[in-house]
Each structure stands twice: as C-alpha cells, then as structure tokens.
K.L.:
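Structure incoming, see below.
Below, read A as the first sequence line, B as the second, and so on, with proteins coming before strands; counting in each chain starts at 1. Any value given below was found using the heavy atoms of this structure, including those in side chains, with hydrogens, waters and symmetry copies removed. Being a predicted model, the structure only gives us computed values, none of them experimental.
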Amino acid sequence: MTNKAKGSDKFAIINELARRRGFFWQSYEIYGGVGGFATYGPLGSKLKQNIEKKLRDLFVNRLGILEIESPIIAPSKVFEASGHVNHFKEPMVECLKCKKRFRADHLLQETGKISVWEIEKMSLKELKAAIEKHKIKCPECGSAFGEPKRFLTMFKTMIGPYSKAIGYGRPEAAQGIFVEFKRLYQIAREKLPFGVLQIGHALRNEISPRQGLIRLREFTIMDLEFFFDPEEPNCFLLKDIKKEKLRLLLSEDKLKGLEKITEVSVEEALSKGYIKAEWQAVFMVFAKRILVELGVPEKKQRFIEKLPWERAHYAIQSFDQEVFVERWGWVEVSGHAYRTDYDLKRHMEFSGEDMRVYKELENPREKEKLTIRPVMAKLGPDFKSEAAKVSEMITKANPEELERSLNKKGFYMLGKYKIVPEHVEILRQKILERGKHFIPHVVEPSFGSDRLVYVTLEYAYRIKEDRALLSFPRDVAPIQLGVYPLVNKDGLPEKALEVHKMLVEEGFRVEYDDSGSIGRRYARSDEVGIPLGITVDYESLKNDTVTIRDRDSWKQVRSQIKELPDLLNKFFQWKINFEDLGIPFDN
RNA sequence: GCGGUCGUAGUCUAGCUUGGUUUAGGACGUCAGCCUGCCACGCUGAGGACCCGGGUUCAAAUCCCGGCGACCGCACCA
C-alpha cells in the first residue's frame with residue numbers, strides 16, 4: 001500500500017523489498033489484507049527454514065534434544081491447567097470521557113495496593129467494586145471509568161461440530177511438550193536432564209499488531225523445554241563457555257531507571273546470582289551465538305531481565321533477548337524463562353496424572369517408620385458406636401506426637417476422645433529409602449522464528465554503490481548459487497546449463513539466469529542475497545573453468561568446474577573462505 | 001479501540017484543490033526479441049492500476065457518505 005507517512009526507514013525498505021522479491025507480505029491482500037498475518041514467499045520460506053535449521057542443528061543434532069510436533073488446538077482444560085485461561089483474559093477499563101483504555105489489574109496494583117494473586121481471582125463485578133472503593137480515576141484526565149471488560153488474547157474455538165467442548169489455539173508450543181511429558185520422559189529413557197524442542201505455529205489474538213513480522217497473530221514459535229533435577233542443576237556444558245560474556249540489563253538497574261548494561265562472564269553471572277539456573281545461562285549463550293551467526297553483532301544484542309510484574313505467570317526469572325532494530329528499537333527475539341516445576345505440577349493437579357520422576361539415591365537410607373494401629377478389640381467396648389470413627393482418627397493422627405503423649409502423659413487427646421496405650425499398637429518398621437519422586441524443573445528458551453527472519457533481513461541489508469544487497473550469512477541464504485552465461489551466444493548458455501545441472505544434482509540451491517546483461521544479473525542476485533555467482537565465459541569453453549563472484553566484495557576467482565562441488569560444499573560449511581575457492585581473476 | 005495521515009500497475013509515483021482535455025501519464029521492475037567479452041548499457045515491442053460499496057452529476061481517479069485496509073501516535077503486547 002502506498003503511504004507517504006510510513007517514511008522510508010529500514011523497516012519500510014525491507015518490507016517493500018520483501019514484498020517485491022517474494023520474502024513475505026501481508027496475507028489476504030485480495031481482500032484488503034488482515035493485520036497480524038503474514039505469508040512467506042519462495043525466498044522467505046526458504047530463509048525461514050534455513051534459520052530454523054540452524055536451531056535444529058544446534059539443539060537437536062549437537063545437544064541431542066528431542067523434537068516433537070503437537071497440535072495447535074488444545075482442549076480448554078490444557079490452558080486452564082497452564083494458567084493461560086486466567087492470564088490471557090486481560091481486564092480492561094475505558095475512561096468514559098477521554099476513551100483511553102487501561103488494564104484494570106495494573107491500575108489496582110499500582111494505586112490500590114492489591115496483590116496480583118488477589119486481583120486474578122476477582123470477577124468483573126469485584127474489579128469494578130474495587131476500582132470504586134479505591135476511588136481510582138483515569139490517570140490521563142481524572143474521569144470515571146466504564147464497566148470493566150475482559151479481552152481474551154487466546155483464539156477460542158469449538159472442538160467438533162455439535163460439541164460443547166471448548167478449544168483454544170495454543171499461544172505457545174510449550175504446553176504441547178508438558179502434556180506429553182510422561183511419554184517423552186520414557187522416550188528419553190527416563191534420564192535427566194533432557195530437552196524437548198517444538199517448532200510450530202502459535203496463535204495470539206493481539207489487539208493491534210502493526211509491526212509486520214515483529215508482531216503477528218499467527219506466528220512460528222520455537223519452544224525448547226529443558227528438564228532437569230533441581231537438586232542437580234549443574235550443566236555439563238558450562239565448563240566450555242563459562243568465560244563467554246553476556247550483556248545483561250538487570251532488573252535492579254531497571255528499577256532505578258538505568259539502562260545500564262552489565263557485561264559479565266557466564267561464570268560471574270551465576271556466582272553473583274544474576275542468573276538463577278546454570279542451564280538458563282548456557283542457553284542464553286547459545287541464543288547469543290545464534291544471533292551473531294545470523295548477522296547481529298553482540299553490541300546490538302542484550303538480555304533484559306523482566307520485573308516480577310512483567311513476567312509470565314509461570315516464571316520465577318525471565319530474560320528477554322533483545323536485538324536493536326532501526327524502527328522499533330530493542331525488540332525481543334527470544335525469551336529465557338525459568339519455569340521451575342510450575343507447568344508439570346499444574347498438569348499433575350488438573351489431570352490427576354503423576355508427573356513426577358523417580359530417582360535412586362546414591363546412598364539408600366534406612367529409615368524407621370512409625371505406624372500406629374488402632375486395636376479394635378479395645379476400642380469397641382470403650383467407644384461403642386463411635387469406635388469406627390475414633391479408629392479412623394487414630395490412623396490419621398501424627399504418630400510421633402501420639403507416641404510422645406502416651407509416653408509422657410499416659411494418654412492422648414484426639415479431639416474429645418481420650419486414647420490410652422491399650423487402644424493402640426505401636427509398630428516400628430525399618431524401611432530402606434532407595435529413591436525419591438520429584439517434579440523436574442524447566443528452563444525454557446523460546447525463539448520467535450518470524451522475528452529472527454526479520455532481524456536477519458535487517459542486518460543483512462546494505463547499500464553498495466547505490467545498489468541494495470542482502471548480505472545473508474552463507475548458511476541461511478535462500479539461494480546459494482547463481483549460474484550465468486557471460487553472453488547468450490557462442491555456446492555459453494549450453495555450457496552454463498551443464499554447470500547448473502551438475503550443481504543442482506550435487507544438492508545445491510542454484511538459480512540459472514540468462515536475461516539482460518551480466519551486470520544486471522549480478523545486481524539482481526545481490527538483492528536476493530545469493531552469496532556466489534558462477535559465470536561461464538569464453539575461457540570456460542577452452543579449459544573447463546568458471547569464475548566465481550563474491551556477493552559482498554564483488555571480487556572474482558577462477559576455478560575448475562569439476563572441483564566446484566567439493567569447494568562449494570566446504571564454503572557453505574564455513575570450512576573455507578571465498579579466497580580459497582580459486583585463483584584471483586581480474587577482467 | 002481512539003486520534004491524525006493516507007489508499008492510482010509488481011514497486012515508486014503524476015493527475016484530485018478547480019469533475020470533462022485521460023484511450024489515467026512517467027520511472028524502475030517483469031516478459032518477448034535484438035544487442036551485450038564481467039557489475040542495473042542501449043534499442044524494439046508486450047502486458048500491467050484508480051481499495052470496496054453507495055450517493056451527487058449529463059459526466060467521478062477527482063466531490064459527499066459508509067465500509068475495508070495501511071501508516072504514525074495513544075493504549076495493548078501474558
């Protein structure tokens with residue numbers, strides 16, 4: 001859509017380029033478009049796949065994390081258990097005069113001094129009453145508020161045509177992992193720690209998403225839930241990366257109104273208690289590295305600690321990894337939440353399934369267990385019809401306390417019933433405690449795939465001699481190679497097509513282009529970020545060599561056609577650089 | 001949701017104030033052909049647009065109303 005007001009900053013330029021070249025655009029354009037939905041074109045979907053592949057390579061291949069794919073729709077129970085049904089319905093009030101809208105819960109928290117937990121339980125009527133009671137007025141103009149209303153940011157649907165079963169579109173992929181925990185734990189051969197990754201769509205019915213790929217109503221999330229024993233929180237990868245630096249913006253500084261970056265090594269961040277879990281720190285390092293590899297320098301990244309009231313309901317500590325983008329400033333690209341045992345515990349409560357794991361103790365402990373057994377032969381005559389009730393009360397009583405009282409006073413008062421030693425039998429059993437059941441803790445790195453695509457594009461974008469080029473890291477470039485005949489005659493196209501075919505068969509993503517002039521083709525390929533251009537010239541016909549052109553420097557080297565597969569494979573695996581591809585070529 | 005700005009080919013735009021001269025003009029891109037011995041050369045040709053609906057009028061891209069959408073700001077973003 002044409003618009004002068006949108007200006008021509010990088011965001012606008014990239015969105016325009018993305019639309020024109022087929023990276024992505026707003027969905028449903030023929031019906032005027034709908035905000036918050038994007039369609040990826042051929043180049044964009046490839047770029048996105050490549051970025052996601054990078055995370056898979058790291059997490060699944062290198063760290064052995066399990067990948068799953070679960071449904072987007074879940075029965076309401078799942079999100080009741082997870083707490084989303086309560087937390088995704090934000091109570092809003094609108095000022096009757098100036099029409100400004102506010103979060104009712106935030107207003108009450110700030111001015112009413114009511115705890116988050118209390119507010120959460122309140123009905124709309126109670127919220128209204130509380131607002132009136134505390135005489136809360138519009139912070140903008142001082143007028144009264146209208147009726148509070150809840151805005152549900154989850155997409156709600158029905159499961160089955162006539163069913164009353166309510167379902168929700170998942171706002172995160174994480175729950176798909178938690179609900180399958182038992183089976184996944186078995187598949188992981190009942191060993192901790194282990195992690196599960198899910199990459200998939202998530203839905204959030206945002207009120208007004210107007211930032212292109214940055215805020216979508218349907219987006220791709222990459223949730224990694226990493227389960228570990230809270231009593232053994234040590235990360236075996238730490239030794240390799242403990243010296244690596246992280247740029248943190250700590251909540252204590254945020255509270256003071258400072259935008260101060262604390263640059264510390266992982267080691268230090270942990271010892272000083274800035275980051276609560278080792279695994280969390282390690283994943284933050286990986287997240288940083290991934291962004292560096294996508295082209296975002298460390299200085300343009302930071303981890304910002306969320307304040308208690310900014311945090312999601314399930315987290316006791318959260319860092320957002322932010323990247324600086326030109327139009328929007330610091331934008332979250334990943335979140336790192338320490339979810340503790342919150343989710344598994346809640347699903348355990350709501351489903352009744354045991355989500356605990358069992359671990360054997362290194363040194364099994366022998367424990368004495370005290371049991372008090374009622375002696376019915378004595379209870380019966382003494383308590384008559386109430387004997388059964390008393391008996392039950394005895395089994396529920398604290399055995400240690402009962403025994404102590406009997407020894408000391410010679411009786412024990414169970415409510416109004418006086419228990420004497422004849423009424424009970426005291427048993428001491430030696431039991432061997434071999435292990436214990438517990439709920440694992442979870443740290444969650446969670447990436448927004450679409451945002452990674454956007455920042456990759458923004459950081460790849462540059463101008464060289466008035467020409468736009470996308471300087472993608474070579475391993476995420478949607479198209480790897482362009483093959484061109486220098487001119488369209490004298491057998492050059494035929495030769496170039498042969499080279500093209502050979503490279504396609506070798507598994508490269510290659511494009512053949514013979515339109516216009518060679519310079520135009522180079523320019524076009526630069527704009528879609530093809531790292532290397534292979535040109536067949538007259539020399540090629542004589543000695544089976546081609547030139548290889550580097551997108552970023554525009555330099556060229558000459559190499560043997562038959563050596564291309566090997567050279568190029570090494571190049572795209574970052575094993576060799578452009579200069580190693582052949583001998584310098586000057587024309 | 002509110003306020004402001006705005007909506008013309010794939011993209012950027014001219015035209016709108018003052019309705020008719022428009023078969024809606026240009027540039028870039030695209031396609032076909034020629035040309036082209038290395039960085040968007042040139043030539044010939046082709047295809048491609050007034051957001052949607054209603055109204056006013058002899059006549060609407062142009063004026064009015066409504067809808068939809070976009071951008072910016074506010075609010076929201078678990």
K.L.:
Both distances under 3.5 Å, Watson-Crick or G-U wobble: report the partner of B:rA60, or none.
P.N.:
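Across all strands, not a single nucleotide pairs with B:rA60.
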
K.L.:
Can you measure A:Tyr484 atom OH to B:rC38 atom P for me and round it to whole angstrom units?
P.N.:
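These atoms are roughly 16 Å apart.
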
K.L.:
Can you tell me the distance, in whole Å, between the CZ atom of A:Arg215 and the P atom of B:rA75?
P.N.:
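Value for this atom pair: 13 Å.
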
K.L.:
On RNA chain B, compare the nucleotides closest to A:Tyr314 and A:Glu465; which residue's is nearer the 5' end?
P.N.:
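Its nucleotide being nearer the 5' end, the pick is A:Glu465.
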
K.L.:
Could you tell me how far B:rU36 sits from B:rA27 if I compare only their C1' atoms? Round to whole Å.
P.N.:
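Comparing C1' positions in B:rA27 and B:rU36 gives a spacing of 23 Å.
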
K.L.:
For A:Gln26, answer base if it contacts any base atom (sugar-phosphate contacts may also be present), sugar-phosphate if it contacts only those atoms, and nothing otherwise; contact means non-hydrogen atoms under 4.0 Å.
P.N.:
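Sugar-phosphate contact only - A:Gln26 comes under 4.0 Å of backbone atoms but never of a base.
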
K.L.:
Are A:Lys495 and A:Asp544 close enough for a salt bridge, meaning some N to O gap below 4.0 Å?
P.N.:
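A:Asp544 and A:Lys495: salt-bridged.
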
K.L.:
Quick one: do the A:His336 and A:Gln280 side chains pair a donor with an acceptor below 3.5 Å?
P.N.:
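Looking only at side-chain atoms, A:Gln280 and A:His336 do not form any donor-acceptor pair under 3.5 Å.
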
K.L.:
Considering every strand shown, what is the Watson-Crick or G-U wobble mate of B:rC31 when both distances are under 3.5 Å?
P.N.:
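Here B:rC31 is engaged in a pair, and the nucleotide opposite it is B:rG45.
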
K.L.:
Expressed in whole Å, how much space separates the P atoms belonging to B:rC31 and B:rC16?
P.N.:
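Looking at atom P only, B:rC31 and B:rC16 are 34 Å apart.
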
K.L.:
For B:rA46 versus B:rG54, give the span between their P atoms, rounded off to a whole number of Å.
P.N.:
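Comparing P positions in B:rA46 and B:rG54 gives a spacing of 35 Å.
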
K.L.:
Do the side-chain N or O atoms of A:Ser517 get closer than 4.0 angstrom to the phosphate oxygens (OP1, OP2) of B:rC41?
P.N.:
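So the side chain of A:Ser517 is within the cut-off, an N or O lying under 4.0 Å from OP1 or OP2 of B:rC41.
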
K.L.:
Does a nitrogen or oxygen in the side chain of A:Arg549 sit under 4.0 Å from OP1 or OP2 of B:rC38?
P.N.:
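No.
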
K.L.:
Whole angstrom is fine here: how far is it from CD1 in A:Ile14 over to P in B:rC12?
P.N.:
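Those two atoms, CD1 and P, are 15 Å apart.
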
K.L.:
With rounding to whole Å, what would you report as the distance between B:rA32 and B:rG20 at their C1' atoms?
P.N.:
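B:rA32 and B:rG20 have their C1' atoms separated by 38 Å.
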
K.L.:
Between B:rA9 and B:rA61, how far is it from one P atom to the other, in whole Å?
P.N.:
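The answer is 15 Å between these two P atoms.
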
K.L.:
When rounded to the nearest Å, what value does the distance between P atoms of B:rU62 and B:rU21 take?
P.N.:
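Pairwise P distance, B:rU62 against B:rU21, rounds to 13 Å.
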
K.L.:
Tell which nucleotide pairs with B:rG1, taking only Watson-Crick or G-U wobble pairs whose two distances are both under 3.5 angstrom.
P.N.:
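With both distances under 3.5 Å, B:rG1 matches B:rC74.
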
K.L.:
Strictly by Watson-Crick or wobble contacts shorter than 3.5 Å, is anything paired with B:rU36, and which nucleotide is it?
P.N.:
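Per the H-bond distance test, none.
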
K.L.:
B:rC6 pairs with which nucleotide, Watson-Crick or G-U wobble, both distances below 3.5 Å?
P.N.:
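B:rC6 is paired with B:rG69.
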
K.L.:
Between A:Arg20 and A:Glu527, does any side-chain N to carboxylate O distance fall below 4.0 Å?
P.N.:
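Yes, A:Arg20 and A:Glu527 are salt-bridged.
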
K.L.:
Do NZ/NE/NH1/NH2 and the carboxylate oxygens of A:Arg302 and A:Glu259 come within less than 4.0 Å?
P.N.:
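Salt bridge: yes.
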
K.L.:
Which sits closer to the 5' end of RNA chain B, A:Asp514 or A:Trp554, going by the nucleotide each is nearest to?
P.N.:
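Nearest-nucleotide comparison on RNA chain B picks A:Asp514.
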
K.L.:
Between A:Arg474 and A:Asp552, does at least one N-O distance fall below 4.0 Å, as a salt bridge requires?
P.N.:
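So A:Arg474 does not pair with A:Asp552 through a salt bridge.
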
K.L.:
Side chain of A:Glu16 only, heavy atoms from C-beta on: which candidate in B:rC41, B:rC38, B:rU11 is closest?
P.N.:
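So the nucleotide nearest the side chain must be B:rU11.
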
K.L.:
Identify which nucleotide among B:rC39, B:rA40, B:rC38 has an atom closest to any side-chain atom of A:Thr547, counting heavy atoms from C-beta outward.
P.N.:
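So the nucleotide nearest the side chain must be B:rC38.
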
K.L.:
With a cut-off of under 6.0 Å to the ring centre and 45° to the axis, is A:Arg339 in cation-pi contact with A:Tyr314?
P.N.:
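Yes, A:Arg339 and A:Tyr314 form such a contact.
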
K.L.:
Base, sugar-phosphate, or nothing: which does A:Gly83 touch, judged by heavy atoms less than 4.0 Å apart?
P.N.:
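The residue A:Gly83 makes no contact with any strand.
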
K.L.:
Considering every strand shown, what is the Watson-Crick or G-U wobble mate of B:rU23 when both distances are under 3.5 Å?
P.N.:
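Matched B:rU23 with nothing under the 3.5 Å cut-off.
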
K.L.:
Measure the distance from CG on A:Asp490 to P on B:rU36 and round it to the nearest whole Å.
P.N.:
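Those two atoms, CG and P, are 10 Å apart.
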
K.L.:
Scan A:Leu486 against the nucleic acid and name what it touches under 4.0 Å (heavy atoms): base, sugar-phosphate only, or nothing.
P.N.:
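Base contact.
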
K.L.:
In sequence, state the C-alpha distance, the side-chain angles, and the governing distance for A:Phe24 and A:Tyr454, and then conclude on ring pair (Phe, Tyr, Trp, His ring centres under 6.0 Å).
P.N.:
CA-CA 10 Å; A:Phe24 61 87; A:Tyr454 180 75; 7.3 Å; no

K.L.:
Tell me: CG of A:Asp537 to P of B:rC38, nearest whole Å?
P.N.:
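It works out to 10 Å between those atoms.
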
K.L.:
At under 4.0 Å between heavy atoms, what does A:Asn488 touch on the DNA or RNA strands: base, sugar-phosphate, or nothing?
P.N.:
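Since a base atom lies under 4.0 Å of A:Asn488, the category is base.
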
K.L.:
Atom CG of A:Asp466 and atom P of B:rC41: how far apart are they, to the nearest Å?
P.N.:
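In whole Å, B:rC41 P and A:Asp466 CG are 14 Å from each other.
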
K.L.:
Report yes or no: is there a donor-acceptor pair, N or O only, under 3.5 Å between the side chain of A:Gln556 and the base of B:rC38?
P.N.:
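Pair found.
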
K.L.:
Can you find a donor-acceptor N/O pair under 3.5 angstrom joining the side chain of A:Arg20 to the base of B:rC28?
P.N.:
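Donor-acceptor pair under 3.5 Å: no.
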
K.L.:
Could you give the distance separating B:rG10 and B:rA49 at their P atoms, to the nearest angstrom?
P.N.:
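Per the computed distance, 7 Å lies between those P atoms.
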
K.L.:
Under a 4.0 Å N-O cut-off, is there an ion pair linking A:Asp537 with A:Arg558?
P.N.:
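Counted as a salt bridge, because a side-chain N and a carboxylate O are separated by less than 4.0 Å.
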
K.L.:
For A:Lys489 and B:rC38, give me the distance from atom NZ to atom C1', rounded to whole Å.
P.N.:
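Whole-Å distance recorded here is 14 Å.
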
K.L.:
I'd like the C1' distance from B:rG19 over to B:rC12, given in whole Å.
P.N.:
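Going atom to atom, C1' in each nucleotide, I get 27 Å.
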
K.L.:
Between the base of B:rC39 and the side chain of A:Arg467, is there any donor-acceptor pair under 3.5 Å?
P.N.:
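Yes, the side chain and the base share a sub-3.5 Å donor-acceptor pair.
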
K.L.:
Between C1' on B:rC38 and CG on A:Leu492, what's the gap in Å once rounded to a whole number?
P.N.:
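Taking CG of A:Leu492 and C1' of B:rC38, I get 12 Å after rounding.
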
K.L.:
Evaluate whether the aromatic ring of A:Tyr522 and the six-membered ring of the B:rA40 base sit under 5.5 Å apart, centre to centre, with an inclination under 30°.
P.N.:
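No, A:Tyr522 does not stack on the base of B:rA40, since the centre distance and plane angle fail the 5.5 Å and 30° test.
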
